[in-house]
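Here is the structure we will look at.
Reckoned from all heavy atoms, side chains included, excluding hydrogens, waters and symmetry mates. Just so we're on the same page: letters track the sequence lines, and every chain starts at 1.
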Amino acid sequence: MKLARRNLLKAGATLIAAASIMAVPSMASAADKVVRVLTFGSTWEKVIKPLAPKFKEQTGYEIVPVIENSSAEGLAKLQASRANPGVDVWFTGEAIAMRAATDKDLFLPLPKDKIPNLANVMPGAVNDKFVAFWYFPTGIVYRPDLVPGGKITAWSDLFKPAMKNKVALPAPTVYPGRTILITALLNGGSEDNVKPGIEFLAKHKDDIAMFHSSDSNARKALASGEISAMIGSPSAVKALKDDGIPAAMTSPKPTPLIFEGMMMVNNGNPDGAAAFINASMSDEWQKFMTDVYNLAPVNKNVKPAEALVAVLPTPENAVKFDEAKINEKLGAWTEEFNAAVAK
Amino acid sequence: MTRQAFLLSLPALLLVCLFGVVMFSFAEISLLSMKPGAAVFSGPPSLANYERLLASSGAWRAVATTMRLSFIITVLCIVAGYPLARVLARSPSASLRRFVLFCLVGTFLSGGVTRAYAWLIILGNRGIINRGLEAFGLPTLKLLNNEFAVVVSVLNFVLPFFVMTLFGALKTIPATLEDASRNLGASPMRTFLHVTLPLSIPGLAVSTSLCFAMSLGAFLFPQMLGGGRVQVLATAIYERIQASYNIPEAAALAFLFFILVIVILVVTGLLRRLVGRRFAGDPA
């Protein structure tokens, strides 16, 4: 079939016209007050989306979500489109936030004068470029109906013969390095010497059902009874209980605390970003978050949800790691871990 | 090439150019370096990432695992896929052909993630197979979070591509040649071994190359069903970004992976030409 030049031109003109029509609504919406938030799907659905209409009423800003699968993926996307990131606020864990803060062009210091609610944030949850939205312990989430005696009280319980092939531990990339660090501390190691932890994991590699790369996959395995216990957060307990599945959590020594929150992206909308972060730190948002998400609030005025209080570690059981050190060493730890447990 | 043919092939050429640009930017980034703990990579350009990777036992282990699993999957594809393709091309039963086609198309239409979750359900401790074993009083098997689960799931993914490609090739072999062989007294097995199989080898070579190349690049199934124990090249690249955000090193590994695939495709291409000349008289 011959395709005449005139027909090609016609087709091109039609395409241009169609593209122009499609572009009209986005050009119109650009004039509106919008704050674009790069966040996790569950955070948007459970926490931010229900609060968005009231936020618009109060500030005039409409929250537009952009979903990320992981913080590293989010950072890669932001860096790849740094000339026009298209996002004003980015949700991430503290470890990656410290790494990202070295990118001085892409991330802005928090304008503390425009975020008055920062005054209510607990010490250690905020620095120049990052403020936590919540923190949580990474303890043992388990099914009381599936574990011997119906209860788990210590990390060592996970490695008993009765739990063989019933436990999921996060791969080093999930909860950055926590599996390695916990087992290192349990076996006489430290942040500076994780070798005892990796050796311990190598010894027990065939007893572990999986080293999971996705928290939600492990949670699904726990829900189906494929496994009986996992290292996880209180939000996993809530999600399972909401689905009618018996679940419990314990935070034995050492239970690492993880902070996750937000950074401001250099996207030409610092006021919108500051308004969003300020609302996130408010008593109202923090209370809503802890109740629906079962994670601990960083606002000192807000008490953790009742269901959460019982699983938060005692001060002597809690441990906070040096995220900068983890950032620096996680790549090497992951190599050692893979050499020990992978084929 | 006529002007019209050039215009028609322009979109495809532009797409190929785009792939080239992507690979070039990968190669460019792979020459940069990253300070541990930082998120910014910078120059001057060097081959340090390649030197580190070539000396890394982890990277070589990932290469070996990728090659070994791809080989196993390809062999299984030939064993399971050839009979299916032959049924599709030659079976006198239209309902059997429709049934096989329905199963293959059904597999095509279900997405990768859906299939991965389906395999999680089938192979799990409480999956269909282990429940069946329990029902007969037999011990359960560890079928999930290991290489077995990865091989089965990737095989399930690539098998339809293999069968449909080979089916097209088998369809082009005149049935009259097989009939002639049978009329001259050859048994069905002899007819297959001396007529059908040699004539189908060029098609088999193409479908095998496709199957091997797809297995080499598998990411989702090793990631979801390997239980963190099966490190292939695709997961090793992903892990370098997730664990240490070392994009230059991940880019270097991706570029080495690309070169490996090119080398394999060139070698299989040469083999294909050889078997094509030997068995079908024409390059495949």
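Using a distance-only test at 3.5 Å, with no hydrogens or angles considered, a donor-acceptor pair links the side chain of Arg99(A) to the main chain of Ala38(B). In terms of modelled atom types and a separation under 3.5 Å, the side chain of Glu328(A) and the main chain of Gly37(B) share no donor-acceptor contact. Thr334(A) contributes no side-chain N or O that, together with a main-chain N or O of Ala243(B), makes up a donor-acceptor pair within less than 3.5 Å. Put simply, the side chain of Asn145(B) gets close to the backbone of Ala209(A): a donor and an acceptor are under 3.5 Å apart. For the pair Arg229(B) (side chain) and Lys205(A) (backbone), a donor-acceptor distance under 3.5 Å is present.
Of residues 67-89 of chain A, those residues lying under 4.5 Å from chain B by any heavy-atom pair are Ser70(A), Ala72(A), Glu73(A), Leu75(A), Ala76(A), Gln79(A).
Among the candidates Asn165(A), Val174(A), Leu169(A), the residue making the largest number of heavy-atom pairs closer than 4.5 Å to chain B is Asn165(A). Heavy-atom pairs under 4.5 Å with chain B peak, among Lys166(A), Lys329(A), Met210(A), at Met210(A). The most heavy-atom pairs under 4.5 Å with chain B, out of Ile208(A), Ile96(A), Ile326(A), come from Ile208(A).
Arg61(B) places a side-chain heavy atom less than 4.5 Å from the side chain of Asn338(A).
Lys325(A) does not touch chain B: none of its heavy atoms, backbone or side chain, sits under 4.5 Å away. Contacts between Lys104(A) and chain B at a heavy-atom distance below 4.5 Å are absent for every atom of the residue. Interface remark: Thr235(B) contributes no atoms to any contact with chain A (heavy atom separation under 4.5 Å).
For Phe130(A), there are no ring pair (Phe, Tyr, Trp, His ring centres under 6.0 Å) partners at least two apart in sequence or on another chain.
Rounded to the nearest 0.5 angstrom, Asn217(A) CG and Leu120(B) CG are separated by 7.0 Å.
Applying the 6.0 Å contact sphere to CZ of Phe159(A) captures more than 12 heavy atoms from other residues, nucleotides or ligands.
Using a cutoff of 4.0 Å between basic side-chain nitrogens and carboxylate oxygens, Arg240(B) and Glu335(A) are scored as salt-bridged.
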